[in-house]
Amino acid sequence: MSLFSWFSRARKQRSGSDEPIRLVESETVPELVYAIGDIHGMYDKFCRLEDAILADAATRSRDAVIVILGDFIDRGPDTNKVIDRLMAPLDMSLKRLCLSGNHEASMAEFLDRPSRDNAWLQFGGIETLCSYGVDAHKWHSEKPNPSQIGYQLDALVPAEHMRFVSERPYLIRFGHLVMVHAGLDPKTPLADQRPRDLLWRRWDARADGKTHVGQKKDMLAANDLLIVHGHTPVSDVFVSANRINVDTGAYAGGPLSAIRLVEGRFDGILRDQSGGAI
């Protein structure tokens, strides 16, 4: 089954709330997967890292999947350029899947209900809007109403970028390999996870190796899962038996990092050139 088929089979599942979970899954584990941590508008770092991934994949004679672990927008200066690159096709032997993070979900809410008082503007949204030429700094003094803000957005932010941000899946599962932006509720089956946990939850490192995801007939126990995520910045990529954290604080001066997984097993770290590579 092709990755395009996997993506087209993304199912809207219901959690305990009324909000849908967008889930992409396949029982097949790709031979080669790269997972990139939180980009946060750092276009130059992203280009260097993805170019290194493409070069690495070219030496391995396998089809490869690149997974962006969410939070590719906000904070950094070049969200518009990052999204342009994410939307551009790769070579036919490579596919790219992009998860939603809490920042994408917050932007999507803002796009649905624009307001100069929206909380998203205070944790990276202003930088994202500035990358499109929307000067949200002026809203404090000019006090535009939601309709006026909507006119600015429609004029300067491409509609395809708005859709791209708003339609990302919340969770990707390839067999035992689970990709999510932030975290999981350890007591809940994957298909029943709440969006807030997938997008916002912080991992408790003290619980590593003790997690137990609730059983479901077609699901695996947590100690059989490898969960790959970002969201919580760490000084270096964190790797344990059950969990890998790939967010190394690119927007705050750290490198942008990625991991390589061969047949579902951790096989190394790559970083943008300024951060070195392993």
Side-chain angles (χ1 to χ4, degrees), residues 6-7 9-26 33 35-40 65-75 86 96-112 119-120 123-124 163-205 207-208 210-216 218-234 238 240 242-247 258-259 261:
W6 288 338
F7 193 76
R9 289 177 62 246
R11 295 183 286 123
K12 287 189 174 182
Q13 305 271 347
R14 291 278 172 182
S15 65
S17 69
D18 289 333
E19 187 179 357
I21 293 174
R22 295 192 287 269
L23 172 67
V24 177
E25 62 179 342
S26 171
V33 176
I36 299 178
D38 301 34
I39 299 168
H40 275 309
V65 184
I66 299 174
V67 176
I68 310 298
L69 293 171
D71 279 9
F72 48 85
I73 69 168
D74 293 351
R75 302 196 189 280
L86 290 176
R96 191 196 288 118
L97 296 174
C98 302
L99 282 165
S100 176
N102 57 303
H103 283 259
E104 287 77 32
S106 297
M107 182 178 179
E109 291 176 2
F110 170 81
L111 294 172
D112 282 343
W120 171 66
F123 63 94
R163 287 193 298 271
F164 185 81
V165 168
S166 299
E167 294 175 356
R168 297 306 88 211
Y170 295 158
L171 185 147
I172 296 170
R173 180 178 77 87
F174 298 135
H176 74 283
L177 185 59
V178 175
M179 310 281 200
V180 66
H181 172 63
L184 299 171
D185 179 349
K187 299 178 182 178
T188 303
L190 291 182
D192 296 329
Q193 294 285 323
R194 297 181 304 171
R196 181 162 187 85
D197 287 323
L198 301 176
L199 299 173
W200 292 90
R201 190 181 185 97
R202 299 290 183 183
W203 283 94
D204 182 357
D208 280 335
K210 301 177 183 178
T211 308
H212 179 73
V213 171
Q215 291 291 308
K216 198 173 182 180
D218 59 347
M219 295 305 302
L220 301 169
N223 57 11
D224 293 324
L225 298 177
L226 175 57
I227 300 163
V228 180
H229 68 94
H231 184 58
T232 302
V234 287
F238 172 85
S240 71
N242 300 105
R243 179 172 74 87
I244 302 175
N245 181 357
V246 196
D247 180 8
I259 60 164
L261 298 143

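Quick note: residue numbers are just sequence positions, from 1.
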Quiz item: Of the non-hydrogen atoms in I73 and H40, which two are nearest, and what is the gap between them?
Solution: O-ND1, 2.8 Å
Practice problem: With H181 as reference, evaluate H231, H229, H103 under the side-chain hydrogen bond (donor to acceptor under 3.5 Å, both in side chains) test and give the passing residue. | Solution: H231
Quiz item: Given R96 and I68, is the side-chain contact (heavy atoms from CB on, under 4.5 Å) satisfied, shown in steps?
Solution: CA-CA 8 Å; R96 191 196 288 118; I68 310 298; 4.2 Å; yes
Practice problem: Please report the shortest heavy-atom distance between P169 and V24, naming the atom on each side. | Solution: CB-CG2, 3.8 Å
Quiz item: Looking at CG of N102 and CG of D71, how far apart are the two atoms once the value is rounded to the nearest 0.5 Å?
Solution: 4.5 Å
Exercise. Measure the CD1-CG distance between I36 and L86 for me, rounded to the nearest 0.5 Å.
Key: 8.5 Å
Exercise. Could you walk me through whether D247 and L69 pass side-chain contact (heavy atoms from CB on, under 4.5 Å), step by step?
Key: CA-CA 9 Å; D247 180 8; L69 293 171; over 6 Å; no
Quiz item: Is there a donor-acceptor contact under 3.5 Å from the side chain of W203 to the main chain of A182?
Solution: yes
Exercise. Locate the shortest heavy-atom distance separating F164 from C98; write the atom from each residue and the value.
Key: CZ-SG, 3.8 Å
Quiz prompt | Minimum-distance pair of heavy atoms, taken over all atoms of L199 and S100 | solution = CD2-O, 3.4 Å
Quiz prompt | Minimal non-hydrogen separation, S166 against R22, with atom names | solution = O-NH2, 3.1 Å
Self-check item: Close side-chain approach of L261 to M179, heavy-atom, < 4.5 Å
Solution: yes
Quiz item: Is a donor on one side and an acceptor on the other found under 3.5 Å between the side chain of E104 and the backbone of G101?
Solution: yes
Quiz item: Hey, what do you get for CG (L190) to CG (L171), rounding to the nearest 0.5 Å?
Solution: 6.0 Å
Exercise. Quick one: closest heavy-atom pair of F72 and V165, and the distance?
Key: CE1-CG2, 4.5 Å
Practice problem: Please step through side-chain contact (heavy atoms from CB on, under 4.5 Å) for the pair D197 and V180, ending with a clear verdict. | Solution: CA-CA 10 Å; D197 287 323; V180 66; over 6 Å; no
Self-check item: Between CG on residue L225 and CG on residue L184, distance to nearest 0.5 Å
Solution: 8.0 Å
Quiz item: Can you check whether L99 reaches R168 side chain to side chain, under 4.5 Å on heavy atoms?
Solution: no
